[in-house]
Amino acid sequence: MSVRELPKAYESKDVETYWRKLWEENNTFTPDMDSDAEPYSIVIPPPNVTGVLHIGHALNQTLQDVLARHARQKGKKVLWVPGTDHAGISTQNVVERALLKEGISRHDLGREKFLEKVWAWKEEYGGRILEQIRYLGSSVDWTRERFTMDENLAKAVRKVFVKLYQDDLIYKGKYIVNWCPRCHTALADDEVEHSPQKGALWHVKYELEDGSGHIIIATSRPETILGDSAVCVYPDDERYKDFVGKRIIVPIVNRPVPIIADRYVDKEFGTGALKVTPCHDPNDWNLGNNHSLEFIQVIDDKGNMSEEAGSYAGLTREACREQIVKDLDAMGVLLQVEEIDHSVGTCYRCQTVIEPYPSIQWFVATTKLAPKARAAVPSQIEILPETWTKTYYNWLDNIRDWCISRQLWWGHRIPAWTCADCEELIVSETDPTKCPKCGSSHIEQDPDVLDTWFSSALWPFSTMGWPENTEDLKTFYPTSVLVTAFDILFFWVARMIMMGQHFMDEIPFKQVYIHALVRDQHGKKMSKSAGNGIDPIDMIDKFGADALRFTLTAFAAMGRDIRLSEERIEGYRHFVNKLWNAARFALMNLGTEKPKSMPFSEVKSLHHQWILHRLEEVKTDSENALNAYKFNDMAQILYKFLWNEFCDWYLELIKGDFKGSDEQKAEASFVLYTVLSETLALLHPIIPFVTCEIWQALPGNEGTDLALELRPANRPECLRPKESEQMIYIQDCIGTIRTIRSELNIAPALKLSAIFRPDSEEQKNILEASRPWIMFLARLENLVIDADAVPPKASASHVVQGSEIAVILEGVLDFNTELARLEKELGKIEKELNGISAKLSNENFVARAPEAVVTQEKERALDFQDKQTKMLALQKRFREVLE
RNA sequence: GGAUGGUUAGCUCAGUUGGUAGAGCAUCGGUUUUACACACCGAGGGUCGGGAGUUCGAGCCUCUCACCAUCCACCA
């Protein structure tokens, strides 16, 4: 590779394409298994194979990449596993919809043909989201790409299922489950989303069979009246006490049913009497079992009224409700319609209203696995931010068994068979050919597949080759950290912990970092349907991947959601460009030779000492920030250093050096090269493309890849707090003159004269040494440094750290303006002094505050008094000019 | 109903054992100072949601109220 020169403007597109290709062709991010380095591993939260990269993925990817690249820089053996999830319902829906456009349903094709179609779809479009992840520059190991339906992962799934079954942790049974009539499958409790909706309570009169009275029942689902098999009241309820044990007539169907009593009923709600429909409500299901009631199923698997519904059979549940309400009204038993707000469960994939539906399903006894998973936090697994720990506990403490069977075709088919002859249930890792009990070959595999999250729960070890005891597994399990959003804490994180504990005898990750959800400017969750989404690919096209990455990193404060807008990304594009131009400036001055290195102890000039000192601080601070997962702090520390210190001051200060002596040039070249190189390395985890591009353009780096370089080591000998303070003093002096210029509206081109009156010998020396900088940066033509100098009356002055700075204004401007400025400044000082003296005159403060605080306040008071005295003198002098 | 987070400059947000309120963007004024107008120099702008308490001292700790989010549970 030859040296590639930096064009005048940063062109993200070409640069990103170049490096992406290079990294992939060289397998740059495939770990060296022979190395003895400390392992560091992350598994990607596998996005749905149907997915399109959204901004949340981009955040998730960026943070993981920052961690992975940083770990690599620390010399660790890093593995970051990429892959996708087969996403049962979503994918099946997508393919079904596509087929429907051709007028074909999956039933027309049959299971086998349909699955072929899904696989074909996956081959064609399933790589899309990984393709998009590539655009972000994620340093994953592409040679280890996984899919939850890969052969080996399927093997893992079967082994896990069989083992859990043998351990009595998987069981099969008939239960009322959440059923999506549109997707035509069961859903787990946490796959049901509750959304508030306007509804009604219909008050319906039920007559007692013996004619001795009636009970008014309030129901929000009148269509289920058809399936009523009891009326339930609270045991001691005065209103209904005498009715318990009698029979009551269900209207419409005229069915006599028992009146039962159960503490489950809430006396306060509605009329305090509950109609019981065991087949269509989970609570009623329990009542039905406990009280041995009749189970009458009036709604079928498609959400339509069944044969049991008599004349209503065939109607949709919505149409039936309408009709029944009319009929009840006609019969005169509908007494009242009360509007209510309640929440309705909907399918998290298609938003169809969930129907509680009794059916035979498979369950994982998560109630038994939960206590151990709970105990792992925080002793073995640290959840960050810590506040999520409580949420995690809360969920596990209230967990119910996990329904894992789905009535879909796309997914891991349940490895269970039933013998048609003897009804033996066979659960096996390998496909059986005959019944082990009766020897019959008439065996049928269970038609259901497993919940997508079942295979996802195995992801940390299945991707590494389990159940084989592979090198990957030995080296990289448990993984170092899991980075994810909180919305899948339950779906995924908790279940991975359970499975890891059960099958690996070890937790799957040591830390869980929960990052923010990305919202729009108004705090709304970004979504395609709301139309407020920011497409990361668009942003990359417009501003570059680095700009997007830096933005996301800078916004990733712990425990807070991110409100993102395009302007923010554009803003950080400026930062990338700033870095680019700083590098161009450096290259211009450095030439083509790598500067000759020198011992840092021989770096004598104040500005070099200062920037090297600051670089050390930045190394430490940014590292500490990242170790604490304070990504935003890390980004900000680097941003400010690069822009406000390196560019705004250091590059300006060395302009003179490059016009100066050979010695000056050599020193400046060496320090500039060092600081730029190391800053690039520090920034690299956040903005890999631009830093790599600049790096390879630096003399001596031809053909090298910054992604493979170690993080610059600390150099304690470069820490020079004292010299750093001195540099800041010089900056303050220059700033003061600039402020005077600006406030008095002095043309920038006009060169001025100034008198500095240092407060000490030390200050004098510093000022003398910095004379060229002050003259250049403050645009002076004449500078006197002398404690005894007397500034002319016509001058504007200011006090910096005890030294007076006077800008001579001889015939330059309006003196009233300067007087006004002085007065304003004096006002500020007085306000400060009042505050401090109020404190110091407070006996309690002096007596009780720590001595250091009191001393500090006293010193501040002295400083301000000194400043005040000097400025009052100036004011006086100035007034004399005006007279 | 239970829980969590938030309320700080016009906007988006930092603020680490309580000790001088910060940044970026936006605004305003000025600038062809040979890396960068995606820039440079400078300025203005906050009774830290309301109230009470603890303390010498509160953006930070306690209580309370309000509003905005979010999660969990759910009543027929």
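Here is the naming used below: chain letters follow the sequence lines, and residue numbers restart at 1 for every chain. None of the values given here were measured: they were computed from a predicted structure.
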Measure from the side chain of [X], starting at C-beta and using heavy atoms only, and say which of [options] lies closest.
X	options	result
V265(A)	G19(B), A76(B), C41(B)	A76(B)
R568(A)	U12(B), A39(B), U4(B)	U12(B)
N644(A)	A39(B), C75(B), G24(B)	G24(B)
T387(A)	G42(B), G5(B), G19(B)	G5(B)
P850(A)	A39(B), G19(B), A76(B)	G19(B)

Measure from [atom1] on [X] to [atom2] on [N] and round the result to the nearest Å.
X	N	atom1	atom2	value
D621(A)	G15(B)	CG	P	15 Å
E570(A)	G24(B)	CD	C1'	14 Å
I687(A)	C38(B)	CD1	P	19 Å
I836(A)	G57(B)	CD1	P	18 Å
I734(A)	G42(B)	CD1	P	10 Å
E338(A)	A76(B)	CD	P	11 Å
L287(A)	C75(B)	CG	P	11 Å
H574(A)	C25(B)	NE2	P	8 Å

Could [X] and [Y] be called an ion pair, given the rule that one side-chain N must be under 4.0 Å from one carboxylate O?
X	Y	value
D228(A)	K275(A)	yes
R573(A)	E567(A)	no
E857(A)	K839(A)	yes
E781(A)	K751(A)	no

Checking R738(A) against W773(A): charged group under 6.0 Å from the ring centre and within 45 degrees of the axis?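 Ring-cation test returns no.
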Within 45° of the axis and under 6.0 Å from the centre of the six-membered ring of Y392(A), does NZ or CZ of R374(A) qualify? no
Test ring pair (Phe, Tyr, Trp, His ring centres under 6.0 Å) on F641(A) and Y650(A); report intermediate values, then the result. CA-CA 10 Å; F641(A) 176 69; Y650(A) 184 69; 9.1 Å; no
Using Watson-Crick pairs (N1 to N3, plus N6-O4 or O6-N4) and G-U wobble pairs, both distances under 3.5 Å, which stems of at least 3 pairs involve RNA chain B? B:1-7 with B:66-72, B:10-13 with B:22-25, B:27-31 with B:39-43, B:49-53 with B:61-65
Between [M] and [N], how far apart are the [atom1] atoms? Round to whole Å, please.
N	M	atom1	answer
G22(B)	U16(B)	P	14 Å
U32(B)	A37(B)	P	14 Å
A52(B)	A58(B)	P	13 Å
G6(B)	U62(B)	P	12 Å
C65(B)	G46(B)	P	31 Å
G18(B)	A23(B)	C1'	23 Å
G24(B)	C68(B)	C1'	24 Å
U7(B)	U17(B)	C1'	24 Å

Sugar-phosphate only, base, or nothing, as touched by [X] at under 4.0 Å among non-hydrogen atoms:
X	value
N394(A)	nothing
V276(A)	nothing
N283(A)	sugar-phosphate
W643(A)	sugar-phosphate
R860(A)	base
Y639(A)	sugar-phosphate

Looking only at heavy atoms, which two atoms of [X] and [Y] are closest? And how far apart?
X	Y	answer
V353(A)	R317(A)	O-NH2, 2.9 Å
E652(A)	F776(A)	O-CE2, 3.7 Å
A586(A)	L676(A)	CB-CD2, 3.7 Å

Taking the six-membered ring where the residue is Trp, are the ring centres of Y572(A) and Y639(A) under 6.0 Å apart?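 Yes, the ring centres sit under 6.0 Å apart.
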Using the closest heavy atom to pick a nucleotide of RNA chain B for each, name whichever of E857(A) or K267(A) lands nearer the 5' end. E857(A)
Map D633(A) and S220(A) onto RNA chain B by nearest heavy atom, then report which one ends up closer to the 5' terminus. D633(A)
D262(A) (side chain) donor-acceptor with P235(A) (main chain) under 3.5 angstrom: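 Checked: no pair found.
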Output one letter per nucleotide in nucleotides 28-36 of chain B: B when a protein non-hydrogen atom lies under 4.0 Å from the base, S when only the sugar-phosphate is that close, - when neither is. -BSS-S-BB
